[in-house]
Amino acid sequence: MSMHGPIATGRTATGIPTARLAVWWLLSSEVFIFGGLIACFLLFKFNGAPGFQDAVLTVTWAGAFNTFVLLTSSLTIVLAHDAAEHGDKDRAFKYIWFTIFGGLVFMCVKAYEYGSKIAHGVGFTTNIFWSFYFTMTGLHALHVLGGMVIMGMVSFDIRKGYNLHRAELVGLYWHFVDIVWIFLFPILYIANF
Amino acid sequence: MLDYFIPRASSFSGDMDGLFNLIVYGVGFWFVLTLSVLVYFMIRFRHSVSPKAAYITGEKHSESKWVHWPHYAIIVFDVVLIAGAIMVWVQVKQTLPPKDDIIRAVGQQWSWSFVHSGPDGKLDTEDDVLTVNDLHVEVGKVYHFELQSRDVLHNFSIPAFRLKQDMIPGRTITGWFEPTQEGTFDLQCAEMCGHGHGIMGAAITVHSPESYQATMEAIQNGTYESEYLKRLKEGSTPINAKRPQVSQNEASPYTEKLLSSF
Amino acid sequence: MSQATTMTEAHAHDVHHEESFWTKYIFSVDHKVIGLQYMFLGLFMALVGGYFAYSFRMQLAFPGQEVPLYGLVSPAEYNMLVTNHGTIMIFWVAMPVLIAAFGNYMIPLMIGCDDMVFPRLNRLSIQVFFVSIVVLFISFFVEGGGFGGAWTSYPPLSSVAEYSLTNWGSSLWLLAVALEIVAFLIGGINFLTTTMNSRAPGMRMTDVPIAVWTINIAVIMFMASVGPLVAGAVMLFMDQRLGTTFFLPSAGGDPVLWQHLFWFFGHPEVYVVLFPAMGIVADIITTFSRKKLFGYRAILYTIIATGALSFVVWAHHQFVAGIDPRMANIFAVTTLLISVPIAEMLFCYIATLYGGSIRYELPMKWAMAFLISFLVGGVTGIPLGASGMDIFFHDTYFVIAHFHYTFFPIAILAMFAAIYYWYPKMFGRHMNKLLGEIHFWGTFLTFNGLFLPLFLVGMAGQHRRIYNYQHFPDLASADLQGIRIFATTSLVLLLLFQIPFIWNFFASMVTGEKAEANPWKANSLEWVAPSPPPHGNFKELPTVYRGPYEYSVPGNREDYWPQHMPDRN
Ligand code: HEA
Ligand code: HEA
Ligand code: CUA
Ligand SMILES: [Cu+2]
């Protein structure tokens, strides 16, 4: 394998950088996965499946706080992207780590929520609502975690001064994770809509 | 066309066979036409008789009309077929003619329980008659059925009636049929339901009023011999008598084992 | 892109390293090697799927007797064989060979670049795919045996171990399918980005060969349809392993929901495999009839129309599954309407032959066999889509015959067309013609002998997934059994006729007659590269001046006009 990538990677017949295009496709396939899950949830809810009144038992303030945390971290990743655009690698590095920190706070709150649920004897199998709650937030949390790991890896490259454009790519991904949460929050935490 | 392969034993099976003929002629026309044109071109334009190819883009209207016009014609055919399909569908699945009697079929891994309503024509009363793998109905009466399942999905299928309906645990699904021909027919499970799906058969016997009475009494007296087991052992009923049977010694060891477990 | 970049691009691949066997053939990132890996794995799985089909068809023809090379087929094993036959043929044969193998190998060549845009992602895709095969094989040998709840795996049968009696088999099967889907999503992103961004300078969207278009459209359809199924698979897996009750009615779940999720994927999926086959066949019929494709745009539009429509027909698999009967009417309408774009597409193909100068080389023979057989499969979909008729035909062998008349042409006939067509490119040698003829006629005739009779037993009401028809006296008659034996005999012959192919396939790699770069005198860019293409593909990356189907253009000396050629030919 030669050290430089193939010529194909450098071409942009559409004018969109290849990596960004790929992230868009990745995210669009994810949209259908979360979309499918959310659609199933709504189908159950509107068909009056038992257990959905339990939505009042979710810790709304924790969810709201997490929404706030994620939105803030979206802002910091935008700033990181902006810094990277201007070639300011240290600032970009710093903001990426702010974002990772945001993710960490999010995960801690999540862990607290899960812990208190399980302490109250509410688990995966309590009823369909809780099954959905844990599946959806769990899958989302995995995405948060994955995002944090990737951002961590990207940040060190950026500090060394290469692959600066990746700040934008992780940013795209992070916005997606954010948007998914913005869908999950109302349907899981705000009981009567 | 279908009645060549399988008897028509319910009121709507004739309509369904008619629909099949409609489809066969309608689609068959296009099939034969398309295939003949294809084969004709394949032969007519082979290299040895057509050494030089023409340059046709198919983008000009005078050329593309050759594929556009047929495709409008197909829309017309489709409308006819859809109309036929929906007519039959509505008749079988969306209407419920007034009932003469009602039965219930309950599926479980891997057998059938049937509840006959008895003389009072109502389910869940004292005089219900229960059978396993044996359903009895009277010719010329409109039956409503209730389908239930105890475990997984099954499917209540009577090919000779052209009838099929899934049975879903936790639900009761209703429908109807009207037997029109006396005899015993296969009733089978048509939804994968596990290891024993391949043995989940039963028999439906369409009786004359007299023989129906006699059978019901025999069941209650305990003198009844299962039509289903009889058929399995001896081969089938008058309708298929003209067809020679596969000899029984070809049955697999599993067949015997599973059979004896009933 | 400008001429200048092309110049610099041409030098990027001058450096060559000596590579070990492992980096060159196993852990390679070269799209061609990965394509071949997909192809070999796919062909190997075709043998496995064929062996399963052989085993259960022998049981149907000679129930209860020992099957040579297999042994006694118990009901549980029968279900397992059928289930995994279906799963393997779709997920591990049709998709990898038609989309992943030819897509990987041909997309960069056909659009004139040196590799996929993300070679290492590509390698990840084949590795995940390989793992999925391993998981599937493990599932056959765990306690309780392989999963037997049909490739549709309807819960609660598939979600509750007490019902399926294959506790780990069900989960591993599901996991294997999920991994396969992941492999394809990874690969698919690569395909799409490569095609969108890395086309040769001068190549417009409408200069892209139909085969590349169809593979990409298939990938987009796959992405859009598989998402909900992935969600469903997660739910099903949790039902199996964690005790949730998404699909378990006794605890408020809904088994029919899975059916919607499955068929929302399952129906588009059949076009996902159909389209690449159609694309390959488009390239082959133009090359061998020396004709421009009739209505390039019309074909594209019909493909897109079919693709879009295919997202709203899924419930035709569930007419009698307990859905609201009024809904069935809507789905009957959409289902029958899908015949319109597909018919137009086929008409365009047939019109392409008009005025041609057809040479019946082997790839062309396979392509014609594909068109003829697919026509049968297509028209027999209509009685199934007609809701009233499907009450009778659902779950009978009529369905089986219908979809084998679509799948077999797609996954086997079109695959062979492609293999015979691109073999000289892939291996730099020609396959033996005589063996090829034997293989073609043997396969085509026995295939019809195998599946035509199944329409008849289907019309007699013979149900699917039944290991032995003796429990159903109406179906146990000797004439029906005769038909079954006839079909099975055809199958055995069909399998025997693959032996010349396997021999031809491997032996020709060393002994075949050497092939030049463009043996079929075709236009598209893959024929510009040497046969077989070296690492980096082209000696000089091509620039494109016209579409791929400019055959027999008046005013040219030759009857073909390659895409990269600036001047008249
Ligand atoms: C690639 C594979 C493939 C393709 C292309 C198709 C194409 C079609 N299929 Fe098929 N189908 C399957 C694979 C495929 N199918 C599989 C695997 C199953 C079973 C799954 C399972 O249960 O395990 C299945 C099952 C299936 C069912 C469910 C049956 C049941 O279980 O009850 C139905 C019902 O509507 C159906 C309909 C159709 C239709 C209308 C088309 C149409 O797209 C066909 C359109 C083409 C034509 C019509 C031919 C060309 C047109 C003309 C020559 C013009 C003349 C036509 C008219 C006048 C109408 N299919
Ligand atoms: C692409 C899809 C595909 C293909 C090609 C096939 C091919 C075949 N199928 Fe398949 N089948 C399905 C998809 C497919 N099937 C599906 C989805 C089901 C439903 C499953 C379910 O109900 O759950 C099914 C079910 C099914 C049934 C119904 C079983 C039942 O319900 O009880 C039957 C019965 O006859 C059958 C038979 C066959 C036969 C005889 C072949 C033969 O054509 C097979 C012949 C084999 C070959 C032609 C392979 C030859 C090998 C090579 C070409 C490789 C060469 C190798 C090297 C060079 C290394 N199939
Ligand atoms: Cu019950 Cu199959
Ligand atoms: Cu379908």
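By convention in this document, chain letters (A, B, ...) are assigned in the order of the sequence lines, proteins followed by strands, and residues within each chain are numbered from 1.
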Nearest 0.5 Å, what's the [atom1]-[atom2] distance between [X] and [Y]?
{"X": "Cys40(A)", "Y": "Phe247(C)", "atom1": "SG", "atom2": "CZ", "answer": "6.5 Å"}
{"X": "Asp239(C)", "Y": "Ser131(A)", "atom1": "CG", "atom2": "OG", "answer": "7.5 Å"}
{"X": "Ile189(C)", "Y": "Ser28(A)", "atom1": "CD1", "atom2": "OG", "answer": "7.5 Å"}
{"X": "Leu26(A)", "Y": "Leu192(C)", "atom1": "CG", "atom2": "CG", "answer": "11.5 Å"}
{"X": "Phe41(A)", "Y": "Met235(C)", "atom1": "CZ", "atom2": "CE", "answer": "11.0 Å"}
{"X": "Trp24(A)", "Y": "Met196(C)", "atom1": "CH2", "atom2": "CE", "answer": "12.0 Å"}

Using side-chain heavy atoms (C-beta onward) and a distance below 4.5 Å, is [X] in contact with [Y]?
{"X": "Thr245(C)", "Y": "Ile128(A)", "answer": "yes"}
{"X": "Thr135(A)", "Y": "Phe246(C)", "answer": "yes"}
{"X": "Trp130(A)", "Y": "Thr244(C)", "answer": "no"}

Counting only non-hydrogen atoms closer than 4.5 Å, does [X] touch chain C with its backbone (N, CA, C, O), its side chain (CB onward), both, or neither?
{"X": "Phe134(A)", "value": "neither"}
{"X": "Phe44(A)", "value": "side chain"}
{"X": "Leu43(A)", "value": "side chain"}

Legend entry - Whether Asp114(C) side chain and Ala8(A) backbone form a donor-acceptor pair below 3.5 Å: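 Judged by distance alone, yes, a pair lies under 3.5 Å.
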
Inset, instruction - For the pair Asn197(C) (side chain) and Ile16(A) (backbone), establish whether a donor and an acceptor sit closer than 3.5 Å, ignoring hydrogens and angles. - result: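 Yes, because the side chain of Asn197(C) sits within donor-acceptor range (under 3.5 Å) of the backbone of Ile16(A).
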
Inset, instruction - Check the pair Arg11(A) / Val117(C) against side-chain contact (heavy atoms from CB on, under 4.5 Å), numbers first and verdict last. - result: CA-CA 9 Å; Arg11(A) 287 182 171 171; Val117(C) 288; over 6 Å; no

Legend entry - Contact origin within Leu229(C) toward chain A - heavy atom pairs under 4.5 Å: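 Answer is neither: Leu229(C) stays 4.5 Å or more from chain A.
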
Inset, instruction - With a 4.5 Å cut-off on heavy-atom pairs, point out which of Gly243(C), Pro119(C), Pro228(C), Ala224(C) contacts chain A the most. - result: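 Highest number of pairs under 4.5 Å: Ala224(C).
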
Legend entry - For Thr125(A) against Leu242(C), the heavy-atom pair lying closest together: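 Answer, listing the atom of Thr125(A) first, then Leu242(C): CG2-O, 3.1 Å.
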
